[in-house]
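All chains are named by letter (A, B, ...) in the order of the sequence lines, taking the proteins before the strands, and each is independently numbered beginning at 1. We use all heavy atoms of the structure for the numbers below, so side chains are in, but hydrogens, waters and symmetry mates are not.
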2 protein chains.
Amino acid sequence: MTAKTKHNIVIVDDHLLFAGSLEKLLESFGEFNVLFHAKNGSDFQQKLKLAKMQPDVVLLDINMPVMDGFETANWLSSYRKDIKVLALSMDDDEETILRMLRCGANGYLLKDIHPDKLREALLEVIHKGYYHSEKVAAALLQSLNPAKEKPEHRLKENERIFISLACTEMTYKEIAEKMNLSPKTIDGYRHELFSRLQIKNRVGLVIYALKHDLYRIQ
Amino acid sequence: MTAKTKHNIVIVDDHLLFAGSLEKLLESFGEFNVLFHAKNGSDFQQKLKLAKMQPDVVLLDINMPVMDGFETANWLSSYRKDIKVLALSMDDDEETILRMLRCGANGYLLKDIHPDKLREALLEVIHKGYYHSEKVAAALLQSLNPAKEKPEHRLKENERIFISLACTEMTYKEIAEKMNLSPKTIDGYRHELFSRLQIKNRVGLVIYALKHDLYRIQ
DNA sequence: ATAAAGTACAGGGTTTATCCCCTTGTGACT
DNA sequence: AGTCACAAGGGGATAAACCCTGTACTTTAT
């Protein structure tokens, strides 16, 4: 395979070590050529505009500082629709997968897959225009089936505020004061959330909040 | 360089794609030979015992399910002190770096370093027995300054276990049963930790645990 | 060698917070 | 008129948090 017929790839990831290693892996497959690296979305924008060759596929990390994967995919899908985007993430959360696909990604890969899967995914994205692993396909189906959705996990604004306050050292009484509500109303929120989210106590609520990004440490 | 004179490396990381890529990077340097991968600490234990060749260095990820980097480094430093450990993490938190070094790691590398630094670090660990980047060296110096040390944050093993159980929906009574201790002893642990860590209630303890990586979501 | 100090575990008793059940008033919308 | 969402309350059981005390065993000092 000559250099001309190789598929051109760009890697966007803030972890230099990973990006560099990934390049070696792609080279070892023999049919790919890495044009350049970028350490975040805006770095990618600049380098893409200056590049003399355009990539066929962008391997895009989601968790990045400055301009994350969602923003980058969104921008690229309006700027150059012919460049395919393969999202790379450690997160197998359904919400994240769907959000990334809605931002225009052509495929979604978990970082804990076998290296051979990456080759398979890249070739599929190039030839078929999309790639979906079993997990992603399952998430897609779930989202299309409204019956299987979990409406009990939809939260109202006051519930979100309460949950994030419950992740602090405040007592329920103090939370009530802060929200200008009666402690008894807070008691009602608590009881309602415990049964809807199937948790047993306040620690369960904190864990739920952290899992679903309703509260962030530090 | 013949295969015999190459340095033997083992990679312990739950992200298969990263581990596989890293292997290609190491191969490209020419002076390293990857013996095997493991996806967590206990997987590593098993494979190490069966392996016909022993590694010179273990590249060890910190964030893993089942048996994390701390536990693994701890185990290895008592099992085989001649095998060097180079910790790999995205976390530049001072606490984490020091904890890993206390667990017996011979060096600490951030995942966002340049690939060439990895080669440098590996060679230094092999020849000098340790490697410390600027950031790690700075953290070490800080810890040597007794004025800035926080001895009240050093935890005993039972305290660590208690804290991670306090991050679940278990009551203190259930935690006591699980640890084969009286509920009153647990009450003592709780009181001691609240005053030492300057927190007011169990939620504070959960937040502390998550900040300092004593408990991990999911 | 023995007293003093420290550490780990466990107990009694009390207050406060959490958790749970059941009920009520008030607008708002069909 | 009905029911729905929301805020609020009464009463009570359980868990969490905070006292202070005691025993057994180890470490350290003299």
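Atoms CD (A:E192) and P (C:dC20) sit 13 Å apart, rounded to a whole Å. Taking atom CD on A:E157 and atom P on D:dA5, their separation rounds to 18 Å, with Å as the unit. Going from atom CE of A:M170 over to atom P of D:dA17 covers 16 Å, rounded to whole Å. Atom CD1 of B:I186 and atom C1' of D:dA17 are 14 Å apart (whole Å). Residue B:F162 contributes atom CZ, which lies 11 Å from atom C1' of D:dA17 at whole-angstrom precision. Put simply, CD on A:E169 is 10 Å from P on D:dA17, counting in whole angstrom units. In this structure, NZ of B:K173 is placed 9 Å from P of D:dT14, rounded to the nearest angstrom. Atoms CZ (A:R202) and P (D:dT14) sit 22 Å apart, rounded to a whole Å.
In this structure, A:Y172 does not reach the C:dT16 phosphate: none of its side-chain N or O atoms is under 4.0 Å from OP1 or OP2. Residue A:N201 has no polar side-chain atom (N or O) positioned under 4.0 Å from OP1 or OP2 of D:dT14. The phosphate of C:dA8 has neither OP1 nor OP2 within less than 4.0 Å of any side-chain N or O from B:Y189. Phosphate contact (OP1/OP2 of C:dA10, side-chain N/O of B:T185, threshold under 4.0 Å): present. Note on A:H191: a side-chain N or O is less than 4.0 Å away from OP1 or OP2 of C:dC21. The shortest distance between the side-chain N/O atoms of A:T171 and the OP1/OP2 oxygens of C:dA17 is not below 4.0 Å. Contact between the side-chain N/O atoms of B:K156 and the OP1/OP2 oxygens of C:dA8 is found at a separation under 4.0 Å.
By the 30° and 60° cut-offs, the orientation of the rings of B:F162 relative to B:Y172 is tilted. Ring geometry, B:F32 versus B:F29: the interplanar angle exceeds 60°, so the pair is classed perpendicular (tilted spans 30 to 60°).
Heavy atoms of A:R190 sit under 4.0 angstrom from at least one base atom. A:D187 comes within 4.0 angstrom of a base, heavy atoms only.
Residues B:N33 and B:N8 bring a donor and an acceptor atom of their side chains to less than 3.5 Å of each other.
On a pure distance criterion of 3.5 Å, a polar donor-acceptor pair joins the side chain of B:K184 and the base of C:dG13.
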Determine whether A:R196 and A:E192 satisfy the following criterion, salt bridge (Lys or Arg N to Asp or Glu O under 4.0 Å), listing intermediate values before the conclusion. CA-CA 6 Å; A:R196 248 165 64 209; A:E192 170 68 15; 3.2 Å; yes
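Under the 6.0 Å distance and 45° angle rule, A:K111 counts as a cation-pi partner of A:F18.
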